[in-house]
**Student:** 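One structure, pasted below without further comment.
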Amino acid sequence: MEKIKTRFCSRCKKNIGKGEFYKTSSYCRSCHKISNQMGKVKRAMRAIDELVEKGIITINDTVSALSLYSSCESRINACLYKKEGYETVRCDWDTPLEFMTDIIVELPTMWTDWQVQTTLYETNKIKSEKPTIDRIDSFGDYTLSNIQMLSFADNSIKAKSKPCVVLVIKDLRLYDTIEFCSLKEMREKLIRKLGIPINATNVKVDTGLIQNLGNGYSCIFQSKNGVVPKSIEPRYKVVIDKKTIKYNIETNEDVEIIEQSQSVFNVGSLSFSI
DNA sequence: TGCTTATCGTGATGCCCAGG
DNA sequence: CCTGGGCATCACGATAAGCA
């Protein structure tokens with residue numbers, strides 16, 4: 001005789017396989033999920049009611065406020081439970097309500113951005129258009145001065161994009177210094193600005209080497225916080241001219257060169273600070 | 001026991017980069 | 001030139017624990 005391994009779910013009132021229950025719950029998994037979601041919405045709605053009552057938002061802001069509440073809650077939890085990558089990140093707020101209130105009251109631009117982005121998301125339901133709470137400085141904490149609204153896509157882009165600087169050399173002279181927020185942006189703009197072929201922009205950063213792009217341009221690419229490996233093999237000559245000059249402040253002119261010297265040394269790689 | 005809340009894990013997104 | 005793994009970001013889902 002086989003025992004029927006079922007349990008009664010007190011929510012959907014059905015007998016369901018035991019495996020479909022969590023250890024301590026009297027709800028089956030699917031009911032539990034729904035109950036969880038409803039609980040979250042209830043909490044959010046309580047907070048929103050309070051804000052409406054205080055006149056901080058209107059009832060029309062409900063949809064935006066709901067998503068802001070859950071984002072605030074999510075960020076607080078990430079810091080609280082030290083999720084991977086958040087071990088050292090702090091959050092200035094303890095409750096989602098305090099968090100979102102400060103955003104709405106103290107950061108009106110962010111709140112407006114949030115509402116606009118929410119409307120955009122609600123019309124298309126594309127995940128990458130969802131608004132998220134971004135840390136402006138990704139190494140920093142969740143503080144009033146370090147947060148902004150960013151769409152999910154933009155946040156992902158920021159997460160992996162590498163800010164970099166390019167020194168452009170033409171005719172053996174420094175032609176331009178350009179900053180980019182990512183390598184992708186760097187490639188696109190170099191192609192447009194200098195008219196160089198696309199495969200020439202497939203360069204490596206932080207090599208400490210001058211790379212020829214064609215069209216008469218050469219570049220040095222360096223990323224933010226990038227470390228250039230030291231090379232013993234001499235590749236470039238660094239030439240430093242030193243002069244001691246007697247100078248007339250009144251006439252604003254050089255009077256005479258007292259001493260002049262030049263030092264030259266070899267280096268394997270070139271780097272600069274950003 | 002029925003339901004809610006706290007805690008922890010997984011998934012979506014899109015860039016970078018190595019390697020064929 | 002293409003592809004797939006790795007990574008950093010955040011939202012969402014699953015499970016354990018708590019409370020009346």
Side-chain angles (χ1 to χ4, degrees), chain A residues 7-14 16 18-47 64 66-89 91 94-97 99-100 114 117-118 121-122 124-142 146-164 180-188 197-207 221-226:
Chain A
R7 269 185 70 183
F8 182 72
C9 171
S10 54
R11 190 172 177 277
C12 62
K13 312 288 179 198
K14 285 177 190 165
I16 294 165
K18 272 190 171 177
E20 284 304 303
F21 286 81
Y22 295 120
K23 282 182 185 173
T24 58
S25 182
S26 52
Y27 286 0
C28 66
R29 282 170 193 263
S30 57
C31 280
H32 205 297
K33 182 179 170 181
I34 296 165
S35 176
N36 248 339
Q37 287 167 344
M38 283 171 60
K40 281 182 182 176
V41 174
K42 269 187 200 170
R43 266 176 284 160
M45 285 310 293
R46 275 202 294 272
S64 301
L66 264 173
S67 65
L68 182 58
Y69 181 95
S70 66
S71 280
C72 289
E73 190 175 48
S74 153
R75 298 305 84 218
I76 289 170
N77 287 341
C79 297
L80 187 61
Y81 303 122
K82 313 220 176 295
K83 290 167 74 75
E84 208 178 330
Y86 287 84
E87 292 86 352
T88 59
V89 182
C91 184
D94 296 324
T95 69
L97 178 58
F99 198 167
M100 74 185 290
W114 192 277
Q117 196 66 39
T118 303
Y121 170 70
E122 289 300 326
N124 301 319
K125 290 282 181 191
I126 297 169
K127 182 164 181 170
S128 56
E129 287 180 346
K130 259 200 144 207
T132 65
I133 297 174
D134 170 62
R135 280 173 295 149
I136 297 166
D137 171 10
S138 302
F139 295 102
D141 300 328
Y142 285 98
N146 195 40
I147 51 171
Q148 65 180 349
M149 192 290 297
L150 230 49
S151 71
F152 202 101
D154 285 342
N155 213 335
S156 297
I157 290 167
K158 185 180 169 186
K160 254 328 234 184
S161 65
K162 215 173 181 179
C164 63
F180 302 103
C181 65
S182 71
L183 295 185
K184 195 187 177 190
E185 189 206 11
M186 181 269 287
R187 289 200 182 96
E188 287 165 2
I198 184 163
N199 52 351
T201 60
N202 222 351
V203 292
K204 290 187 162 47
V205 291
D206 302 328
T207 58
F221 302 88
Q222 195 169 315
S223 66
K224 203 174 182 180
N225 305 320

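Fair warning: this is a prediction, and the values are worked out from it, not measured in the lab. Chain letters run A, B, ... following the sequence lines, proteins first and then strands; every chain starts at 1.
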**Student:** Quick check for you: among B:dT7, C:dA14, C:dT9, whose closest atom lies nearest to any side-chain atom of A:Tyr81?
**Tutor:** B:dT7

**Student:** Does a side-chain N or O of A:Lys162 approach OP1 or OP2 of B:dC17 to a distance below 4.0 Å, or not?
**Tutor:**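 Yes, because at least one side-chain N or O of A:Lys162 sits under 4.0 Å from OP1 or OP2 of B:dC17.
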
**Student:** Does a side-chain N or O from A:Ser71 land closer than 4.0 Å to OP1 or OP2 of C:dA11, or not?
**Tutor:** yes

**Student:** Below 4.0 angstrom from OP1 or OP2 of B:dC15, is there any side-chain N or O of A:Lys184?
**Tutor:** yes

**Student:** Using a cut-off of 4.0 Å on non-hydrogen atoms, how would the nucleic acid contact of A:Ser128 be classed: base, sugar-phosphate, or nothing?
**Tutor:**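 Sugar-phosphate, backbone atoms only, no base.
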
**Student:** Using a cut-off of 4.0 Å on non-hydrogen atoms, how would the nucleic acid contact of A:Ser35 be classed: base, sugar-phosphate, or nothing?
**Tutor:** base

**Student:** Assign A:Lys158 to base, sugar-phosphate, or nothing according to its heavy-atom contacts below 4.0 angstrom with the strands shown.
**Tutor:** nothing

**Student:** When the nearest nucleotide of DNA chain C is assigned to A:Gly85 and to A:Tyr121 on a heavy-atom basis, which residue is associated with the more 5' position?
**Tutor:**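 Here A:Gly85 is the residue nearer the 5' end.
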
**Student:** Can you tell me how far apart CZ (A:Phe221) and OG (A:Ser223) are? Round to the nearest 0.5 Å.
**Tutor:**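 Going from CZ on A:Phe221 over to OG on A:Ser223, the span is 12.0 Å.
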
**Student:** Looking for any heavy atom pair under 4.0 Å, which part of the strands does A:Ile133 touch: base, sugar-phosphate only, or nothing?
**Tutor:**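 It contacts sugar-phosphate atoms only.
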
**Student:** Is A:Tyr86 touching bases, backbone alone, or none of the nucleic acid, heavy atoms closer than 4.0 Å?
**Tutor:**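 Base: the residue A:Tyr86, judged by heavy atoms under 4.0 Å, touches a nucleobase.
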
**Student:** When you check the side-chain N and O atoms of A:Gln222 and A:Asp206, is any donor under 3.5 Å from an acceptor?
**Tutor:**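 Looking only at side-chain atoms, A:Asp206 and A:Gln222 do not form any donor-acceptor pair under 3.5 Å.
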
**Student:** Please tell me if the side chains of A:Met186 and A:Leu183 come closer than 4.5 Å, counting only heavy atoms from C-beta onward.
**Tutor:** yes

**Student:** Assign A:Arg11 to base, sugar-phosphate, or nothing according to its heavy-atom contacts below 4.0 angstrom with the strands shown.
**Tutor:** nothing

**Student:** Counting only side-chain heavy atoms from C-beta out, which of C:dA16, B:dT4, C:dT9 sits nearest to A:Asn155?
**Tutor:**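 The nucleotide sitting nearest to the side chain is C:dT9.
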
